[in-house]
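Working notes for the structure below.
Atoms within each ligand, like the ligands themselves, are counted from 1 in listed order.
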Amino acid sequence: MSPNTKLYEGKAKILYSTEDPQVLLTVYKDDATAFNAQKKGQIQGKGVINCTITSALLQMLEKNAIPTHYIDCPSSNQMRVKVVKIIPLEVVVRNIAAGSLCRQTGLPEGQILPKPLVEYYLKDDALGDPLLTRDRLFLLNIVTSEQLQILEEMALKINHHLQEFFTRCNITLVDFKLEFGTDSQDKILLADEISPDTCRLWDTTETDPKARVMDKDRFRKDLGDVESAYQRVQQRVLSVLGS
Ligand code: TMP
C-alpha cells in the first residue's frame, strides 16, 4: 500500500498509512458526534486539543508501565501510532455514577461508587454498542479469559494513574472509555484516545452540576461553552505536566 493512503475515517479521527507498515498516522478532527452520530457538530480547536491531551496522557501512562500505541506527534493534530488489531470493545471505567449507568440502574448522578466499575461494550455502531456480559464476551470470541483478565488489570491501573493525574489538575475523573489492540506479538496495548470526548471530567472547584462539566457532555446536553471547557482541560493538563 502506498504511504499516506486514507485507511479509515471515523467520527473524530482519520487514519492514514505511512511509509512504515508498522506505523499509522492519526489525524484528529474538530467534528463531534453524539448518540451514535444522531447529533453532529463541530467543536472548534478540538482536534488539536484532543491530540495534545491524548499525547500527554499516553506518555504519562507509558512512564507508569502501561504499554500504549503512542509514538509521537508530527504536528499539533496528528499522532503517529503503532499498528494494532483493535479489540472490538469499548472498555468503560466508572468512579462516579453518571450517564448510561444512571439511566440503566436508577443510581443518582454523582454517587461515588464503592469501587471502580469496569464494563465492556461491543464496539458496533449498527448494534448501538450494547453492554456485554462476561459470557457474551466469550460467546462472541472477542477475548480469551486470560486477555479479559489483562484488560481488567490494565483498565484499573490506568484509572489509578489518570485519577491521580486529574486530581492534580483539580479535575474529578467521573468515568472514561478505553480501547485496546493487539500487536504482532499478541501483546495488548492501550490504543485510541483519552480526551474530553472520551472521559467525563468535572471541575473540582465548581459545585454547580452544569458549571462543573468540562467534557463532551457539554455538547451532548447543549450546555454551551464547549470550546472553552476543552481549552481549560488542556491548559490544566499542560500546566500540571510543566510543574
Ligand atoms: P456512558 O455513560 O454514556 O455509557 O459513557 C461512559 C463513558 O464513555 C463516558 O466517559 C463517555 C464515554 N463514551 C465514549 O467515549 N464513546 C461513546 O460512544 C460513549 C457512549 C461513551
Side-chain angles (χ1 to χ4, degrees), residues 8-13 26 28-41 43 46-47 49-51 53-54 57-58 61 68-69 86-113 116-133 136 151-152 154-156 158-163 165-166 169 171-181 190-204 209-210 212-223 226 229-230 233 237:
Y8 174 77
E9 177 152 7
K11 294 174 202 147
K13 296 187 288 293
T26 311
Y28 283 67
K29 304 193 287 184
D30 288 354
D31 296 347
T33 65
F35 314 119
N36 205 2
Q38 288 179 67
K39 177 172 178 155
K40 291 193 174 99
I43 301 174
K46 175 170 89 76
I49 291 174
N50 282 1
C51 185
I53 294 172
T54 299
L57 296 177
L58 293 184
L61 291 169
T68 80
H69 70 158
I86 289 289
I87 299 170
L89 290 177
E90 301 205 338
V91 179
V92 169
V93 183
R94 301 180 190 270
N95 298 305
I96 295 176
S100 68
L101 180 65
C102 296
R103 282 199 307 278
Q104 292 172 5
T105 65
L107 280 176
E109 184 182 75
Q111 181 156 316
I112 297 170
L113 305 182
L117 183 64
V118 183
E119 298 176 328
Y120 303 89
Y121 294 82
L122 181 64
K123 199 172 141 60
D124 187 325
D125 285 340
L127 295 176
D129 298 342
L131 177 62
L132 295 178
T133 61
R136 284 186 183 186
L151 286 183
E152 173 155 354
M154 283 180 77
L156 290 172
I158 292 164
N159 183 45
H160 171 78
H161 295 303
L162 288 179
Q163 271 193 313
F165 184 85
F166 278 120
C169 303
I171 290 173
T172 303
L173 179 62
V174 175
D175 58 31
F176 57 96
K177 184 264 301 180
L178 300 171
E179 294 185 28
F180 294 87
L190 175 62
D192 198 47
E193 65 178 285
I194 307 177
S195 71
D197 269 12
T198 63
C199 301
R200 282 198 176 89
L201 304 168
W202 290 353
D203 188 340
T204 316
K210 284 185 182 157
R212 69 187 175 189
V213 175
M214 302 179 84
D215 56 71
K216 196 172 162 189
D217 271 351
R218 297 207 78 81
F219 171 78
R220 293 189 188 99
K221 299 180 181 177
D222 293 320
L223 298 179
V226 187
Y230 275 60
V233 175
V237 165

Exercise for the section: State, yes or no, whether a side-chain contact exists between Val91 and Met154 at a heavy-atom distance under 4.5 Å. Expected result: no
Problem - Check: Asp124 and Pro88 side chains under 4.5 Å, non-hydrogen atoms - result: no
Handout entry: Side-chain ion pair, Lys29 and Asp197, N-O less than 4.0 Å
Key = no
Exercise for the section: Kindly confirm or rule out an N or O of Asp175 lying under 3.5 angstrom from an N or O of ligand 1. Expected result: yes
Would you tell me which option among [options] has the nearest heavy-atom contact to [atom]?
atom: atom 1 (P) of ligand 1; options: Ala97, Gly99, Ser100; value: Ser100
atom: atom 21 (C) of ligand 1; options: Arg103, Arg220, Glu193, Glu179; value: Arg220
atom: atom 12 (C) of ligand 1; options: Glu90, Lys177, Glu119; value: Lys177

Handout entry: Element-labelled atoms of ligand 1 that are located less than 4.0 Å from some non-hydrogen atom of Phe176
Key = 10 (O)
Problem - Nearest protein heavy atom with distance in Å, relative to atom 5 (O) of ligand 1 - result: Arg200 NH1, 3.5 Å
Fill in the blank from the handout: Going by the 4.0 angstrom heavy-atom rule, the piece of Gln104 near ligand 1 is neither
Fill in the blank from the handout: Going by the 4.0 angstrom heavy-atom rule, the piece of Arg94 near ligand 1 is side chain
Return a table of donor-acceptor pairs under 3.5 angstrom between the side chains of residues 97-112 and protein atoms on other chains or two or more places apart.
from, atom 1, to, atom 2, distance (Å)
Ser100, OG, Arg94, NH2, 3.0
Thr105, OG1, Leu101, O, 2.5
Thr105, OG1, Leu107, N, 3.2

Fill in the blank from the handout: For Lys210, the side chain to side chain donor-acceptor pair (under 3.5 Å) test, sequence neighbours excluded, returns none
Exercise for the section: Check Asp30 against Gly47 and note the closest heavy-atom contact, atom names and distance. Expected result: OD1-N, 2.8 Å
